[in-house]
2 protein chains.
Amino acid sequence: MTIVLHELALERGILSSPFCWMVRFALAHKGLDYQSAPTSFTGIPAICGGGQKMVPVIEDGGRVVADSWVIAEHLEAAHADRPSLFGGALGRNYARFVFATFTTHILREAVITVTGEVYKKVQPEDRDYYRDSRAQRFGMPIEEFTAAPVAERIAVLRATLDPLRTVLKDQPFLSGAAPLYADYVAAGFLLWWRAASPERVLEKDDVLIPWFERMLALYPRIAKDSTRTWDGP
Amino acid sequence: MTIVLHELALERGILSSPFCWMVRFALAHKGLDYQSAPTSFTGIPAICGGGQKMVPVIEDGGRVVADSWVIAEHLEAAHADRPSLFGGALGRNYARFVFATFTTHILREAVITVTGEVYKKVQPEDRDYYRDSRAQRFGMPIEEFTAAPVAERIAVLRATLDPLRTVLKDQPFLSGAAPLYADYVAAGFLLWWRAASPERVLEKDDVLIPWFERMLALYPRIAKDSTRTWDGP
């Protein structure tokens with residue numbers, strides 16, 4: 001049965017969640033067919049009969065599973081006959097650590113750089129919710145996000161990605177010769193950041209770019225649905 | 001033949017380098033006998049016939065190998081008949097990423113919290129070198145390190161260790177049921193930070209403490225040579 005993926009969309013259907021991209025990569029890696037069910041922020045409480053607070057959420061053969069990490073573990077266990085997403089316990093721990101490094105050290109600052117831009121592009125019914133929730137979470141009114149020195153913050157954020165560069169110096173993927181979930185975590189983050197950022201997030205000669213191009217070349221559907229480019233506005 | 005480990009020592013032989021602790025763990029994991037050759041900072045250019053700028057450096061059967069990461073890869077390859085330090089390519093990548101996360105996101109700030117204390121404890125011949133090199137590297141005179149709000153900085157640093165907590169929530173070691181080099185990287189960092197810090201680095205109820213105690217219980221020689229405790233001055 002086709003899996004349903006509830007994922008976040010901005011205006012014009014632009015997908016805007018690092019965690020939803022991670023799940024898309026995981027589904028593609030497993031070769032599982034899925035149907036996208038885009039939602040606005042304020043639409044989330046109505047999906048799957050209610051009770052959900054965040055996306056991604058998937059419906060897989062009658063089961064509803066929320067939280068990108070929990071979904072990844074679910075897919076690995078429930079579809080064990082498909083290619084492994086983690087490559088065993090060490091690969092699972094590796095991916096978990098990469099995921100936690102992004103949420104601990106990188107995500108909050110990255111969100112600040114994109115919030116002003118995302119606010120312009122949320123669906124109309126989300127505008128009040130987005131403005132108020134971000135102001136509360138970050139302790140500054142939405143206008144200050146666009147006034148923030150975004151280019152400077154991005155320069156700092158580029159440096160926070162150095163652990164990726166260290167590992168990729170020697171090999172094509174974070175996981176070695178072929179990609180696994182550690183790669184999908186990092187690529188999901190970059191897909192979101194690139195699409196949402198008003199500034200180029202990586203410099204042209206960054207060694208992460210060839211790796212990112214390899215990631216986009218893996219799955220045509222992901223490449224197609226992430227329509228903006230490094231050079232996009 | 002016994003391996004010689006050149007490692008950094010302060011006054012009274014206190015060992016003070018996260019990277020040297022990592023190598024000690026690696027040697028112990030492989031069950032390799034080693035002889036410690038402590039050096040002061042200013043003694044480093046004289047070891048191994050000259051040409052070295054940093055420790056750890058090991059002499060292993062006539063080969064001189066420098067840099068903790070290069071040493072770990074050397075030990076894994078040259079002593080492949082011993083227990084694996086990485087557990088395969090994914091474990092190697094995992095350890096590499098953990099290592100790079102420490103150097104990128106944690107080490108510099110941690111060094112600032114301990115520099116004032118280490119300065120009091122370096123060997124007499126190191127005092128001028130240490131004062132001048134740290135002032136240059138961090139752009140502030142050594143007196144400002146001791147004047148810095150160390151307790152506040154440590155509180156921030158505690159939070160930077162969250163990725164370790166995320167992985168350790170589910171299992172006894174970062175690497176799973178048994179420790180591998182990813183654990184040794186993190187434990188080496190904490191051994192150094194604990195020994196050099198003028199303040200307690202982890203709070204009493206931190207979930208990292210049971211893990212750290214497991215790490216110290218692995219190898220009696222490491223436990224013995226890291227004489228200071230969480231409650232030490």
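Quick note: numbers below take in every heavy atom, side chains included, and nothing from hydrogens, waters or symmetry partners. Naming convention: chains lettered A, B, ... in sequence-line order (proteins, then strands); numbering from 1 in each chain.
- Of all residues in residues 170-177 of chain A, those placing a non-hydrogen atom less than 4.5 angstrom from a non-hydrogen atom of chain B are Asp170(A), Gln171(A), Leu174(A), Ser175(A), Gly176(A).
- Rounding to the nearest 0.5 Å gives a distance of 8.0 Å between OG1 of Thr103(A) and CG of Asp162(B).
- Within residues 66-89 of chain B, the residues that have a heavy atom under 4.5 Å from a heavy atom of chain A are Phe86(B), Gly87(B), listed by number.
- Within a 6.0 Å sphere centred on CD of Glu152(A), heavy atoms belonging to other residues, nucleotides or ligands number 12 at most.
- Heavy atoms of Ala159(A) lying under 4.5 Å from chain B belong exclusively to its backbone.
- His105(B) contributes no side-chain N or O that, together with a main-chain N or O of His105(A), makes up a donor-acceptor pair within less than 3.5 Å.
- Along residues 90-102 of chain A, the residues that come nearer than 4.5 angstrom to chain B, judged on non-hydrogen atoms, are Leu90(A), Gly91(A), Arg92(A), Asn93(A), Tyr94(A), Arg96(A), Phe97(A), Val98(A), Ala100(A), Thr101(A) in order of number.
- Atom CD of Glu109(A) sits in a crowded spot, with more than 12 heavy atoms from other residues, nucleotides or ligands closer than 6.0 Å.
- Only the side chain of Leu180(B) comes within less than 4.5 Å of a heavy atom in chain A; its backbone stays farther off.
- Identified by a heavy-atom distance below 4.5 Å to chain B, contributing residues of residues 17-28 of chain A are lacking entirely.
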